[in-house]
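Numbers here are sequence positions counted from 1. Just follow the structure's listing: the first ligand is 1, and inside any ligand the first atom is 1.
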Amino acid sequence: MSVRAKKHLGQHFLKDELIAQQIADSLTEKGYNNVLEIGPGMGVLTKYLLKKPLKTHVIEIDTESVEYLQAHYLNLAKRIISKDFLKINIEDYFGKEQVAIIGNFPYNISTQIVFKTLENRHQIPEFSGMFQKEVAKRIAETEGSKVYGILSVLTQAFYNVEYLFTVPPTVFDPPPKVDSGVIRLTRKENYTLPVDEKLFFKVVKTAFQQRRKTLRNSLKTFNLSDNLREDIIFGQRPEQLSVQEFINLTSKIEKDAS
Ligand SMILES: C[S@@+](CC[C@H](N)C(=O)[O-])C[C@H]1O[C@@H](n2cnc3c(N)ncnc32)[C@H](O)[C@@H]1O
């Protein structure tokens, strides 16, 4: 018996044991005792996680996969959460404990998984897993790159990002149309910003909504003073700014408004 792949759930099952093991081994296992795998499917990655000195939990939306896991991984049974990751409150399952996130993520919701991780960063010291290669690159790239954007800046403000390796479509059943990429996020020691974090998110999102415009034009809605508008930083486009420069920019906007 095996699970029938369902397209709407982004199910592409990994066939290559070595890659599954490499993904599991990408965890540093430092600073946490729990790991939560998103979308275990038939457990190809889970079985390598279970060999580690960590408490492995899994969350799976597909009831057919949940039944498969219950039948094949008896020692996991109590730690299978049969739910949609995007809808759970992480604290309901882990209290105040730290938990690493891992997975061969369903591509249709992979950016939402990253945003949820950022929202819960106080509880997630590490995050490792497989994305569509283009999304993995977008998270990992720095200023000056064409794919540097909201996802890169917001993630890198709180996590160190490493692009680990590329995975071809042939190792999945059914194969996806594009290459995949595995990345690891390690939370920065100091992951609170020296500026209003809500304002920082808003500045980054607004700036990249019109990425071809200078910040002077794209950030008009922030009612900047004439003085600030003349600041050299506002003559730039968002893709030219490093994460630290976005933090400096937010600080200037914050002071300008007070
Ligand atoms: C790309 S498959 C990976 C399956 C397995 N880990 C593997 O590597 O073969 C993605 C998995 O995520 C599950 N999934 C999709 N949406 C989900 C959600 N919102 N919450 C939890 N699991 C989800 C799918 O059912 C599927 O099992």
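Residue contacts with ligand 1, taken as heavy atom pairs separated by less than 4.0 Å, involve N104 via backbone and side-chain atoms alike. At a 4.0 Å heavy-atom cut-off, ligand 1 touches P40 through the backbone alone. Contacts between T46 and ligand 1 below 4.0 angstrom, taking non-hydrogen atoms only, are absent altogether. Of all the heavy atoms of K83, the ones lying under 4.0 Å from any atom of ligand 1 belong exclusively to the backbone.
The closest protein non-hydrogen atom to atom 9 (O) of ligand 1 is L14 N, 2.9 Å. From the protein, the heavy atom lying nearest to atom 27 (O) of ligand 1 is E60 OE1, 2.8 Å. For atom 12 (O) of ligand 1, the closest non-hydrogen atom on the protein side is G39 CA, 3.2 Å. What sits closest to atom 17 (C) of ligand 1 on the protein, heavy atoms only, is I61 CG2, 3.5 Å. Looking from atom 15 (C) of ligand 1 to the surrounding protein, the closest heavy atom is L9 O, 3.2 Å. When only non-hydrogen protein atoms are considered, atom 26 (C) of ligand 1 lies nearest to Q11 CG, 3.5 Å.
At least one N or O atom of D84, backbone or side chain, sits closer than 3.5 Å to an N or O atom of ligand 1. In terms of polar-atom proximity, F85 is counted as a contact of ligand 1, with an N or O under 3.5 Å from an N or O of the ligand.
Taking the six-membered ring where the residue is Trp, F105 and F127 present parallel rings, their angle staying beneath 30° rather than reaching 60°.
The distance from ligand 1 to the heavy atoms of V44 drops below 4.0 Å at these ligand atoms: 7 (C), 8 (O), 9 (O). Close contacts of ligand 1 with H12, meaning ligand atoms under 4.0 Å from a residue heavy atom, involve 1 (C), 2 (S), 3 (C). Each of the following atoms of ligand 1 lies closer than 4.0 Å to a heavy atom of I59: 21 (C), 22 (N). Per-residue contacts place E37 under 4.0 angstrom from the following atoms of ligand 1 (heavy atoms of the residue considered): 6 (N). If you number the atoms of ligand 1 from 1 as listed, the ones under 4.0 Å from a heavy atom of D62 come out as 25 (O). Atom numbering of ligand 1 starts at 1 in the shown order; those under 4.0 Å from a heavy atom of F13 are 4 (C), 9 (O).
By the neighbour-count criterion of 12 heavy atoms within 6.0 Å, atom CG of N33 is sparsely surrounded, having that number or fewer from other residues, nucleotides or ligands. Heavy-atom neighbours of K188 NZ from other residues, nucleotides or ligands within 6.0 Å: above the threshold of 12.
Ligand 1 has at least one atom lying under 4.0 Å from a heavy atom of I109.
The closest non-hydrogen atom to atom 2 (S) of ligand 1, taken over A5, P106, G10, S180, comes from G10.
Under the 4.5 Å side-chain heavy-atom criterion for ILVMFWY residues, no single connected hydrophobic cluster contains both V58 and I23. Side-chain heavy atoms closer than 4.5 Å link hydrophobic residues (I, L, V, M, F, W, Y) into clusters, and following such links, even through other members, never connects V35 to V114.
Stacking of K47 on the aromatic ring of Y73 is not recorded, the 6.0 Å distance cut-off and the 45° axial limit not both being met. The side-chain tip of K202 points at the ring of F222 from less than 6.0 angstrom away and within 45° of straight on. A cation-pi geometry, defined here as NZ or CZ lying under 6.0 Å from the six-membered ring centre and within 45° of its normal, holds between R121 and F158.
Residues satisfying the side chain to side chain donor-acceptor pair (under 3.5 Å) criterion with Q22, sequence neighbours excluded, are absent altogether.
The minimum heavy-atom distance linking P176 with P169 is given by the pair O-CB, 3.3 Å.
Between E254 and the options V203, D196, L249, a side chain to side chain contact (heavy atoms under 4.5 Å, CB included) holds for only D196.
Contact annotation: the side chain of I253 approaches that of L219 to within less than 4.5 Å [non-hydrogen atoms, C-beta and beyond].
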